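Structure first, then comments.
Predicted, not measured: the structure shown is a model, and the values here were computed from it. Every heavy atom of this structure was used, including side-chain atoms; hydrogens, water molecules and symmetry mates were not.
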Amino acid sequence: MYAIRLSKAGRLGLALIWIALLGVISPRSAFGGDAPGIDPRATELLKKMSDYLANLKEFSMRGTSTIEYVLKDGQKLLFTGASDVYIQRPNHARANRVGDVTDIEFYYDGSTVSLFGKQKQYYATAAAPPTLDAMLDHIRTRLDMEPPAADLLYSDVYNGLMADVTEARYISPSVIGGAKTHHLAFRGKDVDWQIWIEDGDRPLPRKYLIVTKGTQGEPEFGVELSNWNVSPKLNTAMFTFKPPPTATKVDFLAAKEVAAAARK
């Protein structure tokens with residue numbers, strides 16, 4: 001085996017050749033440096049995605065998520081899960097979630113929400129508002145529930161996501177799950193988030209990542225969205241929960257009770 005020794009100048013020249021061949025550039029030059037602002041390319045793509053989702057009367061998809069939990073000593077634990085989500089506007093939703101610590105089904109039939117834990121055979125049912133948007137707000141604020149990728153299920157995703165945005169950037173083209181996408185990054189007061197939107201005539205969200213800045217350790221939540229079906233022909237009956245004979249009914253905890261239990 002032969003060893004090739006290069007001078008310092010030779011090594012520098014070889015490095016520059018590799019940089020040119022691979023298209024490697026610094027993050028500062030690639031993403032516009034540190035200059036804040038709103039890039040219209042980012043907001044236009046986000047609006048296009050929002051309008052496309054709003055016009056879908058029903059759809060289904062799979063969300064494969066990861067969520068970080070920060071311990072008091074600063075160590076981060078990572079939990080994963082997969083959810084099959086079904087939406088029928090204006091007032092039906094269902095999600096089946098299986099993960100490291102969950103195996104649950106969620107139902108919304110236009111007047112009630114139900115949560116069924118398959119492993120423990122417990123379920124809870126509560127009255128809910130008559131629209132999908134109002135239901136999502138209700139379960140978030142009153143029941144402390146967060147459906148998978150809930151931000152992307154509203155009828156106006158754009159205004160919901162842009163409410164507190166102070167910076168928006170177009171990062172680069174990217175590939176997620178085999179699909180060509182546009183990678184966008186946004187900053188806000190409390191959260192930073194990124195989204196990958198499919199290129200072409202189906203501007204679907206393919207990945208969504210949130211960093212919570214106001215919490216110790218700045219935990220991340222990410223979800224990759226796949227198996228999109230924008231015309232699934234859903235059956236209304238699938239959104240109505242019928243408890244198994246062996247299941248035990250329990251009450252939902254109000255958000256303040258959940259928070260109090262978490263502090264103990």
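Here the CE atom belonging to M135 is positioned 15.0 Å from the CZ atom belonging to R142, to the nearest 0.5 angstrom. The CG atom of L184 sits 12.0 Å away from atom OH of Y208, with the distance rounded to the nearest 0.5 Å. In this structure, CG in L161 is found 6.0 Å from CD1 in I195, a value given to the nearest 0.5 Å. The OH atom of Y170 sits 13.0 Å away from atom OG1 of T43, with the distance rounded to the nearest 0.5 Å. Interatomic distance, W228 CH2 to S60 OG, rounded to the nearest 0.5 Å: 8.5 Å. Distance check, rounded to the nearest 0.5 Å: OH of Y123 to OG of S114 gives 8.5 Å.
K48 approaches G200 most closely through the heavy-atom pair NZ-O, 3.6 Å. Heavy atoms only, all atoms of each residue included: S155 and A54 are closest at O-CB, 3.3 Å. Counting all heavy atoms, side chain and backbone alike, K207 lies closest to I176 at CD-CD1, 4.1 Å. Taking all atoms of both residues into account, the shortest heavy-atom contact from V70 to P219 is CG2-CB, 3.9 Å. Nearest approach of D156 to N159, heavy atoms of both residues: OD2-ND2, 2.6 Å.
Under the 4.5 Å side-chain criterion, counting only non-hydrogen atoms from C-beta, D192 is not in contact with T212. Taking 4.5 Å as the limit, every side-chain heavy atom of P203 sits out of range of all side-chain heavy atoms of E198. Within the 4.5 Å cutoff, the side chain of L136 has heavy atoms near those of the L153 side chain. When side chains are defined from C-beta on, P232 counts as touching E58, because their heavy atoms get closer than 4.5 Å. Taking 4.5 Å as the limit, some side-chain heavy atom of E105 sits within range of a side-chain heavy atom of Y107. Looking at heavy atoms from C-beta onward, F221 lies out of side-chain contact with L209 at the 4.5 angstrom threshold. At a threshold of 4.5 Å between non-hydrogen side-chain atoms, the residues M145 and F106 count as touching. By the 4.5 Å heavy-atom criterion applied to side chains, T248 and Q121 are not counted as neighbours.
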Show your working on side-chain hydrogen bond (donor to acceptor under 3.5 Å, both in side chains) between R97 and S65 and close with a plain yes or no. CA-CA 10 Å; R97 179 173 176 79; S65 61; 3.1 Å; yes
Show the numbers, then the answer: is there a side-chain hydrogen bond (donor to acceptor under 3.5 Å, both in side chains) between N91 and R89? CA-CA 5 Å; N91 57 1; R89 300 189 190 280; over 6 Å; no
Show, in sequence, the C-alpha distance, side-chain angles and deciding distance for I139 and F252, and conclude whether the side chain to side chain contact (heavy atoms under 4.5 Å, CB included) test is met. CA-CA 10 Å; I139 65 174; F252 277 111; over 6 Å; no
Derivation of the side chain to side chain contact (heavy atoms under 4.5 Å, CB included) call for Y86 and F59: CA-CA 6 Å; Y86 307 87; F59 61 86; over 6 Å; no
Step by step, would you call L143 with V113 a side chain to side chain contact (heavy atoms under 4.5 Å, CB included)? CA-CA 10 Å; L143 303 179; V113 290; 4.2 Å; yes
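Electrostatic pairing of K213 and E218 does not count as a salt bridge here, judged by no charged N lying under 4.0 Å from a carboxylate O. Residues R140 and D151 are paired through a salt bridge, judged by an N-O separation under 4.0 Å between the basic side chain and the carboxylate. By the 4.0 Å N-to-carboxylate-O rule, R62 lies close enough to D84 to be salt-bridged with it.
Hydrophobic clustering (side-chain heavy atoms under 4.5 Å, transitive across Ile, Leu, Val, Met, Phe, Trp, Tyr) keeps V211 apart from V191. A continuous path of Ile, Leu, Val, Met, Phe, Trp and Tyr side chains, each step under 4.5 Å between heavy atoms, connects F186 with I38, placing both in one hydrophobic cluster.
Environment of NZ in K76: crowded, with over 12 heavy atoms of neighbouring residues, nucleotides or ligands closer than 6.0 Å. Residue Y154 places its OH atom among more than 12 non-hydrogen atoms of other residues, nucleotides or ligands, all under 6.0 Å distant. Heavy atoms from other residues, nucleotides or ligands lying under 6.0 Å from CG of N229 number more than 12.
Between the side chain of N96 and the backbone N or O of I104 there is no donor-acceptor pair closer than 3.5 Å. Remark: side-chain polar atoms of T181 are paired, donor with acceptor, to backbone N or O of S174 under 3.5 angstrom.
Between H92 and Y108, a ring centre-to-centre spacing not shorter than 6.0 Å is recorded.
Other residues sharing the hydrophobic cluster of L78, ordered by chain and number and joined by side-chain separations under 4.5 Å: none, the residue standing alone.
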